[in-house]
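See below for the structure under consideration.
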Amino acid sequence: MMAAVAGTSAVLRRYVVAPAGQHSASLIMLHGSGDSGQRFRGWINQVLNHDLVFQHIKIIYPTAPSRPYTPMNGGLSNVWFDRYKISNDCPEHLESIDSMCQVLTDLIDEEVKNGIKKNRILVGGFSMGGCMALHLAFRKHHDLAGVFVLSSFLNKTSAVYQALQKNEGTLPELFQCHGTTDELVLHSWGEETNSILKSLGVSTTFHSFPNLYHELSRSELEKLKSWVLEKLPKEIEKPN
């Protein structure tokens, strides 16, 4: 069962895939720049040849609000945050990243109010969506079940790295995938992001996919699905 659900926040539309059975965990999937939650869900469906659906996990595909985007000369685009340029050696646009962290925190809080524990919520995304998920998990929500990124990145001087240098507690596990022939976010950029996070105490898994461009693949999504089920196993129902 699927339904488009209007959010409590005026800026955050989302597309929801309900679990087939009893809801006991949630998965928040963040699309890449210029996309939408509904199109991201459709893309995954197309790559897998079937809808991504779980017995007990609700999948939430939010849509980033439309905002002026500097790499498009200020044109409007559905992006999670602004960027000064598409490069890993420029400063992050922290004002827009931080305001979106708050909007996505409201979405996490909504799931918690609905009875889902924080350690039963996973967040992740593709490209810019993955970058947003890293900020959300490693700067704001260390008690999430985990974070995943596909074809994604952090800038060299990222606020995520700065926050982790001061961290002394436990951190969510990271699952990362990247195509070796990605021409937009280079494989080496993804690898560098992973190795720096690892050096700062994050438990990481990094999967390279030969001949994969800036796109999704079935084998990548099947690996992700297995990891999601490992991090959010179905809870054994206790007898009354």
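- Rounding to the nearest 0.5 Å places NZ of Lys118 at 5.0 Å from NE2 of His141.
- For the atom pair Cys101 SG and His135 NE2, the distance stands at 7.0 Å (nearest 0.5 Å).
- We find the CG-OH distance between Leu197 and Tyr161 to be 5.0 Å, quoted to the nearest 0.5 Å.
- For the atom pair NE2 of His178 and OG of Ser152, the computed distance is 8.0 Å after rounding to the nearest 0.5 Å.
- Judged by distance alone, the side chain of Thr193 and the main-chain N or O of Leu154 form a donor-acceptor pair under 3.5 Å.
- When the side chains of ILVMFWY residues are joined at heavy-atom separations under 4.5 Å, either directly or via intervening members, Phe40 and Leu224 end up in a single hydrophobic cluster.
- Distance check: Leu48 CG to Glu220 CD gives 10.0 Å after rounding to the nearest 0.5 Å.
- Of all heavy-atom pairs between Leu122 and Ala145, the closest is CD2-C, 3.7 Å.
- Using a 4.5 Å cut-off between side-chain heavy atoms of Ile, Leu, Val, Met, Phe, Trp and Tyr, with links allowed through other members, Val149 and Phe81 fall into the same hydrophobic cluster.
- A pairwise comparison of heavy atoms in Pro210 and Thr180 identifies CA-OG1, 3.3 Å as the closest pair.
- No donor-acceptor pair closer than 3.5 Å links the side chain of Thr205 to the backbone N or O of Phe175.
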**Prompt:** Under the side-chain contact (heavy atoms from CB on, under 4.5 Å) criterion, do Leu52 and Leu221 qualify, and how do the steps go?
**Reply:** CA-CA 9 Å; Leu52 183 62; Leu221 291 174; 5.9 Å; no
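- Heavy-atom minimum distance, Leu104 versus Pro62: CD2-CG, 4.5 Å.
- Side chain of Trp80 to main chain of His31: a donor-acceptor pair is present (N/O by atom type, distance under 3.5 Å, no hydrogens or angles).
- A single hydrophobic cluster is not seen to contain both Phe148 and Val185; linkage of ILVMFWY side chains at heavy-atom distances under 4.5 Å, directly or through other members, places them apart.
- Side chains of Leu107 and Arg14 form a contact here, defined as non-hydrogen atoms less than 4.5 Å apart.
- Using a distance-only test at 3.5 Å, with no hydrogens or angles considered, a donor-acceptor pair links the side chain of Asp82 to the main chain of Thr70.
- Taking all atoms of both residues into account, the shortest heavy-atom contact from Ile121 to Val112 is CD1-CG2, 4.1 Å.
- For the pair Leu216 and Gln46, the minimum side-chain heavy-atom distance is 4.5 Å or more.
- Using a 4.5 Å cut-off between side-chain heavy atoms of Ile, Leu, Val, Met, Phe, Trp and Tyr, with links allowed through other members, Leu212 and Val47 fall into different hydrophobic clusters.
- When Tyr213, Phe206, Phe209, Phe153 are each tested for a ring-ring contact (aromatic ring centres under 6.0 Å, His included) with His187, only one passes: Phe206.
- Interatomic distance, Ile116 CD1 to Leu232 CG, rounded to the nearest 0.5 Å: 10.0 Å.
- Scanning both residues, Tyr61 and Arg41, for their nearest heavy atoms gives CE1-CG, 3.1 Å.
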**Message:** Evaluate Arg120 against Glu111 for salt bridge (charged side-chain N to carboxylate O under 4.0 Å, His left out), listing each step before the verdict.
**Reply:** CA-CA 10 Å; Arg120 297 281 294 165; Glu111 290 306 291; over 6 Å; no
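- Although no hydrogens or angles enter the test, the distance criterion places no donor-acceptor pair under 3.5 Å between the side chain of Asp51 and the main chain of Asn45.
- Crowding of Asn73 atom CG: a count of heavy atoms from other residues, nucleotides or ligands under 6.0 Å not exceeding 12.
- Here the closest heavy-atom approach between residue Ala133 and residue Gly124 is recorded as CB-CA, 3.6 Å.
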